[in-house]
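To start, the structure under review is shown below, and the notes come after it.
Only this structure's heavy atoms are used, side chains among them; waters, hydrogens and symmetry mates stay out. Keep in mind the model is a prediction, meaning the values are calculated, not measured.
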Amino acid sequence: MQELILNGPTIVILIAIAALAVLSVRRMTRRGLCDCGDRCEGGCHGCSGCAAAESMTAAMEEAARKE
């Protein structure tokens with residue numbers, strides 16, 4: 001098996017990946033899994049009761065009826 005070599009560029013890439021992972025976990029803990037922005041009414045948790053998800057569903061049903 002080949003040895004693990006930690007040179008300068010490898011360390012920089014590992015630090016960047018770790019920083020992005022920390023930022024993504026931080027965002028998920030603050031905003032939850034909802035990407036609706038300010039369109040959520042009363043704070044949605046995972047978009048189950050999200051107004052944006054409901055409006056998107058209504059728009060898709062309307063488009064299906066037209067076809």
Side-chain angles (χ1 to χ4, degrees):
M1 197 158 105
Q2 200 171 21
E3 270 186 57
L4 179 66
I5 300 173
L6 291 176
N7 53 15
T10 304
I11 293 172
V12 170
I13 291 172
L14 289 175
I15 290 172
I17 290 172
L20 290 173
V22 167
L23 288 174
S24 66
V25 169
R26 179 177 170 252
R27 182 183 183 277
M28 282 191 296
T29 57
R30 289 183 178 203
R31 292 185 63 185
L33 297 176
C34 180
D35 281 333
C36 299
D38 297 333
R39 296 176 290 198
C40 288
E41 297 171 1
C44 65
H45 301 286
C47 287
S48 61
C50 182
E54 291 172 2
S55 65
M56 181 177 64
T57 303
M60 289 182 352
E61 287 175 353
E62 183 67 31
R65 280 189 217 128
K66 287 181 180 180
E67 291 181 3

Sequence neighbours excluded, the answer for side-chain contact (heavy atoms from CB on, under 4.5 Å) partners of Ile5 is none

So side-chain hydrogen bond (donor to acceptor under 3.5 Å, both in side chains) across residues 8-24, not counting sequence neighbours, yields Asn7-Thr10

Tell me every residue that passes side-chain contact (heavy atoms from CB on, under 4.5 Å) with Ile11, counting only those two or more places apart in sequence or in another chain.
Leu6, Ile15

Output the rest of the hydrophobic cluster of Leu23: all Ile, Leu, Val, Met, Phe, Trp and Tyr residues reachable through side-chain heavy-atom contacts under 4.5 Å, sorted by chain and number.
none

Results of side-chain hydrogen bond (donor to acceptor under 3.5 Å, both in side chains) for Arg65 - residues two or more places apart only
Glu62

Besides Val12, the hydrophobic cluster formed by Ile, Leu, Val, Met, Phe, Trp and Tyr side chains linked at under 4.5 Å, directly or via other members, contains none

